Structures are given as structure tokens and as C-alpha cells.
**Student:** 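Right, I'll just put the structure down here and ask away after.
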Amino acid sequence: MQVYEGLDIITNKVSAQEQRICRHHMISFVDPLVTNYTVVDFRNRATALIEDIFARDKIPIVVGGTNYYIESLLWKVLVNTKPQEMGTEKVIDRKVELEKEDGLVLHKRLSQVDPEMAAKLHPHDKRKVARSLQVFEETGISHSEFLHRQHTEEGGGPLGGPLKFSNPCILWLHADQF
């Protein structure tokens with residue numbers, strides 16, 4: 001959420017003073033009215049920054065965020081799909097188009113092309129169901145098959161494909177919920 005411009009208090013962004021002490025990236029650069037910013041957009045921009053920081057012989061530190069976004073930076077876990085171009089300058093985002101359809105209909109369609117993924121996803125989780133259908137429609141390969149391939153790649157495992165960067169140091173805080 002800290003990628004969105006404004007929303008400083010609600011997202012508990014670091015202060016300007018703190019940012020002067022230690023350079024921060026990926027903060028306040030997306031218009032909060034943008035509805036199509038995705039984890040792939042985040043991953044692509046953050047990965048470019050990480051590679052630039054490494055190229056300057058510095059050590060990037062990734063802090064906070066949801067597991068999904070952090071995992072997208074550390075592991076090769078995302079399936080890349082590209083918006084389809086329709087004529088001049090018209091781009092169709094298939095996932096957005098799918099999300100306009102009834103969730104139960106989408107889930108039924110997913111169960112026909114990828115029963116394994118359909119069994120994992122709740123029929124009312126339209127966003128994830130639409131994403132799995134998008135993967136299949138744009139690649140011809142089921143989402144679950146992509147995940148199986150990632151897990152079996154050299155260096156892959158239960159979290160997905162192999163690590164993107166060698167020798168990361170991961171500190172994972174665990175706290176009991178009250």
C-alpha cells in the first residue's frame with residue numbers, strides 16, 4: 001500500500017526525516033486511483049532497483065509488505081502474461097475482462113480447464129479465479145502446471161521456483177496474535 005501517493009498516515013510510511021537518513025525506494029509513486037497496478041508491476045520495478053543497487057556494490061534491504069509481494073521478489077513464482085493488443089493503441093487486460101463475469105461461472109470454467117487449481121480456490125475469490133483463467137487462456141498451459149514446473153526446477157521448492165538472487169539473508173519475525 002505504501003506505493004500509493006499520499007495515504008501516508010494510513011500506510012504508516014517512513015517520514016521525510018527518516019528517508020534522509022536512509023534512502024528508501026518504492027514509496028509514493030502510484031496514483032491511488034489506479035486500479036490496475038499489480039504484483040507483476042511491483043516485481044518488475046523493484047527487481048530493476050535491486051539489480052541497480054547490486055551493480056553499485058550496495059546491499060538492498062527489502063522490508064515489510066505482504067508475503068505475496070516479497071515472494072515475487074525473492075522467488076521465481078509469478079507467471080508472466082502480457083495484455084493483448086487489439087488494433088492501434090487499444091490494449092485488453094484479459095483478467096479485468098474476466099472479473100466482469102459472474103464468479104461462479106468463472107469458477108466452473110476454471111474447473112474444466114484446471115480442476116486442480118479450481119479445487120484450491122474459493123468460487124467467490126473472483127480475482128484469483130480470473131487470474132488462473134487468464135494464465136491458461138494466454139499461455140495454453142494450466143496455472144497449476146506452471147506451478148508444478150516451478151517447484152521442480154533446480155532450486156525450486158514448496159514456495160515456488162528457484163531463488164532469483166543468490167545468497168539472500170531472510171529475517172522472518174514471528175509473533176503470536178492476541
Side-chain angles (χ1 to χ4, degrees), residues 1-5 7-8 10-32 34-83 91 93-95 114 116-117 120-121 125 127-128 130-177:
M1 295 303 295
Q2 292 184 358
V3 299
Y4 292 104
E5 295 170 337
L7 310 178
D8 295 0
I10 197 169
T11 60
N12 194 28
K13 289 181 188 166
V14 293
S15 69
Q17 179 183 3
E18 291 169 315
Q19 289 189 48
R20 284 190 295 275
I21 296 169
C22 179
R23 175 83 168 103
H24 288 69
H25 304 273
M26 303 295 291
I27 295 178
S28 296
F29 65 94
V30 178
D31 183 324
V34 168
T35 59
N36 62 346
Y37 186 76
T38 68
V39 67
V40 173
D41 299 320
F42 174 85
R43 185 234 17 224
N44 292 346
R45 184 171 176 150
T47 298
L49 281 167
I50 290 170
E51 290 170 351
D52 176 64
I53 292 167
F54 276 134
R56 292 182 280 125
D57 291 325
K58 303 287 184 185
I59 298 174
I61 300 173
V62 177
V63 180
T66 66
N67 286 347
Y68 189 50
Y69 279 66
I70 292 173
E71 288 170 4
S72 78
L73 294 177
L74 296 175
W75 286 273
K76 297 177 184 174
V77 294
L78 296 178
V79 177
N80 289 320
T81 57
K82 293 184 171 70
V91 175
D93 184 337
R94 183 63 181 140
K95 183 171 170 276
D114 191 352
E116 182 178 342
M117 189 58 75
K120 292 178 182 178
L121 300 176
D125 193 345
R127 182 182 59 81
K128 289 183 181 177
R131 174 63 178 150
S132 287
L133 280 170
Q134 176 194 21
V135 167
F136 175 74
E137 289 180 7
E138 294 182 3
T139 67
I141 300 169
S142 71
H143 198 175
S144 59
E145 177 60 24
F146 262 109
L147 297 177
H148 286 300
R149 289 177 185 184
Q150 288 176 345
H151 294 190
T152 58
E153 283 183 55
E154 184 177 339
L159 290 176
L163 288 167
K164 287 170 45 169
F165 302 100
S166 59
N167 302 316
C169 176
I170 301 170
L171 303 175
W172 197 296
L173 301 180
H174 177 77
D176 292 331
Q177 294 182 346

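We number each residue from 1, following the sequence as shown. If you're wondering where the values come from, they're calculated on a predicted model, not measured in any experiment.
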**Student:** Distance check, rounded to the nearest 0.5 Å: Phe29 atom CZ versus Phe42 atom CZ?
**Tutor:**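 Answer rounded to 0.5 Å: 7.0 Å.
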
**Student:** Return the minimal non-hydrogen interatomic distance between Asp114 and His143, and the atom names on each side.
**Tutor:** OD2-N, 3.1 Å

**Student:** How close do Phe165 and Ile50 get, counting heavy atoms only, and between which atoms?
**Tutor:**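 In this case the closest contact between Phe165 and Ile50 is CZ-CG2, 3.5 Å.
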
**Student:** Does the side chain of Glu116 reach to within under 4.5 Å of the side chain of His148, using non-hydrogen atoms?
**Tutor:**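 In short, these two side chains touch, coming nearer than 4.5 Å.
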
**Student:** When you look at CD1 of Ile59, are more than 12 heavy atoms from neighbouring residues, nucleotides or ligands closer to it than 6.0 Å?
**Tutor:**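 Atom CD1 in Ile59 is not packed in, count stays at 12 or less.
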
**Student:** Roughly how far apart are Arg149 CZ and Ser144 OG, rounded to 0.5 Å?
**Tutor:**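 Rounded to the nearest 0.5 Å, the CZ-OG separation comes out at 10.5 Å.
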
**Student:** Can you confirm whether more than 12 heavy atoms, excluding those of Ile61, are under 6.0 Å from its CD1 atom?
**Tutor:** no

**Student:** Okay, side chain of Lys58, backbone of Asp52: is any donor-acceptor separation there less than 3.5 Å?
**Tutor:**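 No, Lys58 side chain to Asp52 backbone: no donor-acceptor pair under 3.5 Å.
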
**Student:** Drop me the distance from Leu74's CG to Thr47's OG1, to the nearest 0.5 angstrom.
**Tutor:**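 Atom-to-atom, Leu74:CG and Thr47:OG1 are 9.5 Å apart.
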
**Student:** Can you pull the salt bridge (Lys or Arg N to Asp or Glu O under 4.0 Å) pairs that have at least one residue in residues 16-32, sequence neighbours excluded?
**Tutor:** none

**Student:** How far apart are the closest heavy atoms of Ser72 and Lys164, and which atoms are they?
**Tutor:** O-NZ, 3.1 Å

**Student:** Atom CZ in Arg131, atom CG in Leu133: separation rounded to 0.5 Å?
**Tutor:** 11.0 Å

**Student:** Please find the pair of heavy atoms, one from Pro60 and one from Phe54, that lie closest to each other, and give the distance.
**Tutor:**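 Pro60 and Phe54 have their closest heavy atoms at CD-CE2, 3.5 Å.
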
**Student:** Within a strict 4.5 Å, meaning less than it, do heavy atoms of the His25 and Ile53 side chains meet?
**Tutor:** yes

**Student:** For the CG atom of Leu121 and the CZ atom of Arg127, what is their distance to the nearest 0.5 Å?
**Tutor:** 10.0 Å

**Student:** Could you state the interatomic distance from OG1 (Thr152) to CG (Leu147), rounded to the nearest 0.5 Å?
**Tutor:**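 Result: 10.5 Å between the selected atoms.
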
